[in-house]
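Here's the structure we're looking at; comments come further down.
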2 protein chains.
Amino acid sequence: MTEVVIAGIGQTEVGEHWSVSLRELSLQAIEAAQQDAGGLQPQALFVGNMLAPTLSRQAHLGSLVADFAGLTGIEAMTIEAAGASGGAALRAGYLAVASGEAEVALVVGVEKFTDQVGASVEEALASSIDSDFESAQGLNPTGQAALMMQRYLHEYRVPRQAFAGFPLTAHANGAANPMAMFRKAISAEAYHKAGPVCEPLNLFDVAPNADGAAALILTHPAMLPPGFPKPLVRIAGSSLLTDRLALHDRPDPLSFNAARLSVERACRQARITPLQIDLFELYDAYSIYAALSLEAAGFASRGEGWKLAQDGSLRLTGSLPISTMGGLKARGNPGGATGIYQVVEAVLQLRGEAGANQITTARRALVQCLGGPASTVATHVIESFNYQDGQDIQDKKGDQS
Amino acid sequence: MTEVVIAGIGQTEVGEHWSVSLRELSLQAIEAAQQDAGGLQPQALFVGNMLAPTLSRQAHLGSLVADFAGLTGIEAMTIEAAGASGGAALRAGYLAVASGEAEVALVVGVEKFTDQVGASVEEALASSIDSDFESAQGLNPTGQAALMMQRYLHEYRVPRQAFAGFPLTAHANGAANPMAMFRKAISAEAYHKAGPVCEPLNLFDVAPNADGAAALILTHPAMLPPGFPKPLVRIAGSSLLTDRLALHDRPDPLSFNAARLSVERACRQARITPLQIDLFELYDAYSIYAALSLEAAGFASRGEGWKLAQDGSLRLTGSLPISTMGGLKARGNPGGATGIYQVVEAVLQLRGEAGANQITTARRALVQCLGGPASTVATHVIESFNYQDGQDIQDKKGDQS
């Protein structure tokens, strides 16, 4: 199978873009990615989006975005998998290049929440869980996360305050990211005082919905012009898996089973163990999700994921940096674009272009986004890649020592 | 690249399924396809759907359908490209198998219009054209098709009655299809007397929105057990392309440019010319679409597609049978499922399982579905395939003589 590299990245600032349309946001990200990739022309476009048909009354984003970006005529489709839409779109782009059907693929994640407000947004978001058996009963994703957190606190006898480390880490990292929605560190005291959103979740346990677009250009190394100026990053592992959709159908509501399997599969393809990754862009839509994701990936035992957020391990200087550019919590969560933002940020780290957020050793990243309560999980391992000699920069065996 | 074959097909009756949910409809089609394929187990699911997030308040169909079908854990995503969603989902499944990432892929198209009625359906359908510049001005896909037909009648000085052949052919074929929504032939007089839907389109120029689900199982031939009982059909050509989304942005509103290019590309991959196909499952959502699709594919000159519908060429006994099981017009148009129904029907023809609708020589089919006014076009060439000797049943050079 063909090697797939990420040759270009682009992103818009995340936030409330009242005056910028869905197509304009997409264009901004695409232009940035195309400039970054030195003008490689894509033959295929995969758009990751969750809610445009409901919130913007616009479906058919493949044709819309291709057209507006001056790429009329190329292959295009929209990929949806709730919060994992971005990761699933990357997966689709990866398949197109890996199969040899596209030499260059463009993957765009875009979401615009500000076209609508309040109840209609909540209703649209509730369509990502089981409509007949969950949302019809009044449950929404935030209420569901609250139930999971309450169960976690109860089952593991963990104090409420134990989750503070996740938003504190995310906000500390977001402070220096010029693309982040919230660029302000928060204190443990602020977390303690924050008002409830849905008990036991407080304001800082919930990532904000936001507008944004991010883009990736994928290709195979042979397509790159000689002397390609950017450090290369390849997709070493790609996995998309599902779990039972409804929480009540799962034998264990505190186990992100598909996340566990998806990490295993992506790492197996990359021929690494999770311990060999240098950073983990995880899906901290809720702080409980961050804890469960760390446990599913094998970085912490059951019921102990929160400890990593307390002892400093997850900071930029720690042994397992997460949410290095602010995560969903501080960078913001632009729905179907989030999975692409995560990859853009991981590429910045691997290239050494993460500025004040740069971690010291960044050769390999694990990137994961979740749809529903990990009902869909997209996991990718991306790593630095030296095409000249056809090998990774990093010797994997040496890594383990 | 790996050869991709269609090892199983399944479909539900098309119609108004008031008492059957989205997931139940999907399951019926999947079970039929799995039975047909002798129990091949898929690793990946691609769901083609247009409107579930708006009409059923249910997104995240990948996880939902995989879960309900007892396939929990497999890869899954939803593919949307307006009316071309089914064809785009097939394309995604094809890429997954061709890349080697999935040994067996399941492609399901599903749509349920009857969860909502009237204005909300029209509003949802209008999201498939340009929301900011077309639907916001009151245009919807039917109004747009009416504008195109009016222009066609004017520009080519064709009488209104010239289009009768399309619905007459479709209804004649649908009469014997047990899965069709309308199983009744119509007369030229009925067409003549039919009331207007949107001038100059009358009731019989517009395919009915309907509920339905259809499924395909794709794999590579080496995965088939020895003595696989079904005649094999392979995907010989696969193409997905886009055009300008908005009709007013096109230099020529009567040319389905992406359809022309998509047919060219799919045929080039299949190493055939369009003249070598034995049937054409085209996208007759409106009779004007049928005429323009025939012209785009090169079967008729500009302004003359309607003539083929008058001289009998398009009937089951003609030189270019279309809509052989009733087409969108008589089988019904279940949105994102339509592209999969078209392939199921073409496979029935190639296998010799089309019953009363069987055409005499059926070795190769062109299947095409359209999103918006051919703003997205998915075209596939599928053909009979004899894996035992690694060659097509048909010698292609002999074909041309």
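Predicted, not measured: the structure shown is a model, and the values here were computed from it.
Closest heavy-atom contact between A66(A) and T242(B): CB-OG1, 4.1 Å. T72(A) and D243(B) make their closest contact through CG2-C, 3.5 Å (heavy atoms, listed as atom of the first residue, atom of the second, distance).
Residue contact with chain B, scored on non-hydrogen atoms closer than 4.5 Å, is absent for L22(A). Contacts of S135(A) with chain B are absent, with no heavy-atom separation under 4.5 Å from either backbone or side chain. Neither the backbone nor the side chain of L45(A) comes within less than 4.5 Å of any heavy atom in chain B. Looking at Q43(A), neither its backbone nor its side chain comes within 4.5 Å of chain B, counting heavy atoms on both sides.
Scanning residues 102-115 of chain A against chain B with a 4.5 Å heavy-atom cutoff picks out nothing at all.
Between the side chain of S99(A) and the backbone N or O of A96(B), no donor-acceptor pair lies under 3.5 Å. Formation of a donor-acceptor pair under 3.5 Å by the E101(A) side chain with backbone atoms of R91(B) is not found in this model. Side chain of E80(A) to main chain of T78(B): no donor-acceptor pair is present (N/O by atom type, distance under 3.5 Å, no hydrogens or angles). Checked by atom type and distance alone, the side chain of E75(A) never pairs as donor or acceptor with a backbone atom of L241(B) at under 3.5 Å.
A donor-acceptor pair shorter than 3.5 Å can be found between the side chains of H60(B) and T376(A).
Expressed to the nearest 0.5 Å, how far CG of L95(B) lies from OH of Y94(A) amounts to 13.0 Å.
A salt bridge does not link D132(A) with R57(B): none of the charged nitrogens is closer than 4.0 Å to a carboxylate oxygen. Taking 4.0 Å as the cut-off between side-chain N and carboxylate O, R23(A) and D130(B) count as a salt-bridged pair.
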